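Counting convention: from 1, in listed order, for ligands and their atoms alike. Note that the coordinates shown come from a computational prediction; the quantities given were computed from them, not determined experimentally.
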Amino acid sequence: MKPPQKMGPSEALVETLAAQGVTHVFGIVGSAFMDALDIFPAAGIRFVPVAHEQGAIHMADGYARASGRHGVCIAQNGPGVTNFVTGVAAAYWAHSPVVFITPETGSATLGLGGFQETEQLPIFSKITKYQGHVNNPKRMAEIAARCFDRAMLEMGPAQLNIPRDFFYGEIEATITEPLRIGRGAGDAAALESAADLLAAARFPVIVAGGGVIAAGATAEAIALADTLSAPVCNSYLHNDSFPASHPLAVGPLGYQGSKAAMKLIAQADVVLALGTRLGPFGTLPQHGLDYWPREAKIIQIDSDPRVLGLVKAISVGIHGDARAAAAALLERLSARRLAGAANRAERLGRVAAEKSSWEAELGAWTHERDPYSLEVSAQSSHMHPRETLRALERALPPDAMVSTDIGNICSVANSYLRFEQPRSMFAAMSFGNCGYAFPVICGAKIACPARPAFAYVGDGAWGISFNELLTCARERIGVSVVLFNNAQWGAEKKNHVDFYSRRYQGVNLENPSWAAVARAFGCEGVTIERVADIAPALQAAARAQSDGKTTVLEMMVTQELGDPFRRDALSKPVRHLPKYRQYQ
Ligand SMILES: Cc1ncc(C[n+]2csc(CCOP(=O)(O)OP(=O)(O)O)c2C)c(N)n1
Ligand SMILES: [Mg+2]
């Protein structure tokens with residue numbers, strides 16, 4: 001270990017960031033951290049100023065998800081820090097290794113109710129993997145480094161909380177090398193049992209989750225699928241966990257997922273859940289199919305032991321790295337006779353048949369057919385959301401990165417998003433906050449400037465997040481926003497339609513021309529009314545990205561609505577008081 005050196009705590013912090021490979025920090029300036037900010041450029045760190053701290057934490061999340069490296073952000077104590085809350089929760093459920101730095105009220109006045117004071121640790125206690133509090137300036141480098149190490153070790157947000165007076169002074173500090181702990185393949189006996197189950201399987205199916213992406217296990221997942229001739233489903237919102245063009249790729253499970261994936265996993269006798277927590281929302285019945293194979297033996301592999309067997313009953317749980325575990329299984333399978341070899345051709349036939357039947361169904365499914373949707377689209381000259389999504393799918397460049405928001409059309413997009421490489425899809429994950437997609441794609445673009453970057457956003461969610469157009473214009477960040485203008489908070493309106501006899505409240509939106517708004521911000525804005533215009537507009541927007549230009553492609557779509565989000569969680573209203581009786 002290097003001998004300690006004399007430095008200021010700000011220098012210890014910034015040197016630690018540099019040692020951890022940090023090149024970008026997102027945030028809004030604040031007096032609390034000026035002393036550290038001042039030396040960012042000398043350490044090779046670009047400070048990316050944003051419009052709202054929620055944008056900063058989402059950008060850090062997108063940066064981390066696209067690059068596999070830490071995303072970092074910082075904010076003023078008090079209000080700047082509380083603006084992080086939603087983004088931290090979102091990053092927690094996206095398993096994103098972000099480090100958010102939260103300077104706090106000075107230690108000499110803490111508790112007196114001074115300016116911009118709030119307790120900053122309890123707020124984040126349930127949405128972080130680690131909270132480092134610098135309780136003495138001498139410990140700045142040590143605790144800062146631990147935040148970075150823990151964020152990566154546990155794949156989630158770490159908070160670095162620093163009383164603002166602790167940035168100043170003179171300390172002796174050692175800047176340590178990053179600590180990266182390998183997880184390994186997992187328990188040998190569990191791997192043996194898993195290999196036995198897979199070898200005996202007559203209809204094995206793989207679910208490839210976010211862990212495959214995080215661990216860089218694509219090649220091993222392909223090899224396992226090929227060895228077992230097993231179809232591979234993507235776990236919910238991880239459509240980039242397995243290359244879509246592979247013959248065994250059958251598409252995503254979950255809300256608006258692939259019927260082929262659902263019908264095939266329903267037949268499984270053994271499921272290999274590789275790098276997935278099998279989250280409850282992602283395995284709900286869909287398209288009227290209650291597909292989860294309750295009789296099947298489930299092998300679950302995850303780097304977080306707490307999720308093993310948590311949601312679904314399992315036969316074997318393996319606490320390990322998806323890549324190392326997959327490699328260990330492949331080795332064990334090479335020495336075993338595979339029972340599935342007997343019906344291999346028949347299974348491959350079933351996979352191909354289900355895939356082509358789903359593809360044909362999707363091709364013919366140009367619009368929604370429920371009475372509400374037929375009614376609203378009959379009176380509209382706008383584009384159907386599904387035909388819009390299909391045209392976008394065809395026009396997207398092969399190496400595109402796409403973030404998706406929470407909303408009806410963004411969710412239907414799940415059926416139409418296919419990727420060849422990992423780190424391509426950045427959906428708002430289980431936290432499900434509207435306003436996620438746009439700042440996240442900005443962060444992803446900064447991490448991977450050569451890749452074309454698109455955010456799918458509904459017009460309601462756009463109202464929450466469009467302020468970051470300022471950041472795009474000011475910082476020359478070139479992304480493309482596909483904005484679905486249906487003049488409604490559609491996903492919630494669907495509940496009014498299905499459960500509340502169309503008693504609409506707060507769901508209809510009066511929009512400005514969002515294309516004109518984009519132009520007013522110094523970005524490009526294009527209104528699209530015809531499906532034929534989608535591909536050329538998307539391609540022009542993608543080209544503009546290389547000049548650091550952001551484009552808003554405002555898709556004028558009908559108000560029709562796909563299946564609801566939470567059919568599971570709503571029921572018809574029952575009123576007991578006479579006053580409310582008509583609200584049935
Ligand atoms: C921050 C936040 N507020 C509210 C919600 C509840 N919510 C879920 S979907 C949705 C509607 C989204 O509307 P829009 O973005 O216009 O997309 P559309 O459904 O119309 O396609 C709302 C309000 C949420 N998920 N997140
Ligand atoms: Mg909408």
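- Looking at E420 and S245, their side chains do bring a donor and an acceptor atom within 3.5 Å of each other.
- Short contacts between ligand 1 and N408, defined as distances under 4.0 Å to a heavy atom of the residue, involve ligand atoms 18 (P), 19 (O), 21 (O).
- Because the distance cut-off is set at 2.8 Å, N486 qualifies as a neighbour of the Mg ion (ligand 2) through one of its N, O or S atoms.
- Atoms of ligand 1 found under 4.0 Å from any heavy atom of G432 (numbered from 1 in listed order, with element): 24 (C), 25 (N), 26 (N).
- Checked by distance only, ligand 1 and W462 stay at 3.5 Å or farther apart across all their nitrogen or oxygen atoms.
- Not a single heavy atom of G435 sits closer than 4.0 Å to an atom of ligand 1.
- Near C434, with a cut-off below 4.0 Å to any heavy atom, the atoms of ligand 1 are 1 (C), 2 (C), 5 (C), 7 (N), 8 (C), 9 (S), 10 (C), 22 (C), 24 (C), 25 (N), 26 (N).
- Here N408 fails the criterion, with no N, O or S atom under 2.8 Å of the Mg ion (ligand 2).
- Of the N and O atoms on the side chains of R451 and S424, at least one donor lies less than 3.5 Å from an acceptor on the other residue.
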Quiz item: What do the steps show when you test E468 against K445 for salt bridge (Lys or Arg N to Asp or Glu O under 4.0 Å), and what is the final call?
Solution: CA-CA 14 Å; E468 297 303 341; K445 181 70 181 184; over 6 Å; no
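- Each of the atoms 18 (P), 20 (O), 21 (O) of ligand 1 lies under 4.0 Å from some heavy atom of N486.
- In the model, Q159 has a side-chain atom that pairs as donor or acceptor with a side-chain atom of T102 under 3.5 Å.
- Close approach of ligand 1 to G490 (heavy-atom distance below 4.0 Å) involves ligand atoms 13 (O), 18 (P), 19 (O), 20 (O).
- Side-chain contact annotation: Q545 with S480, donor-acceptor N/O pair under 3.5 Å present.
- Below 3.5 Å of separation, one finds no N or O of W489 facing any N or O of ligand 1.
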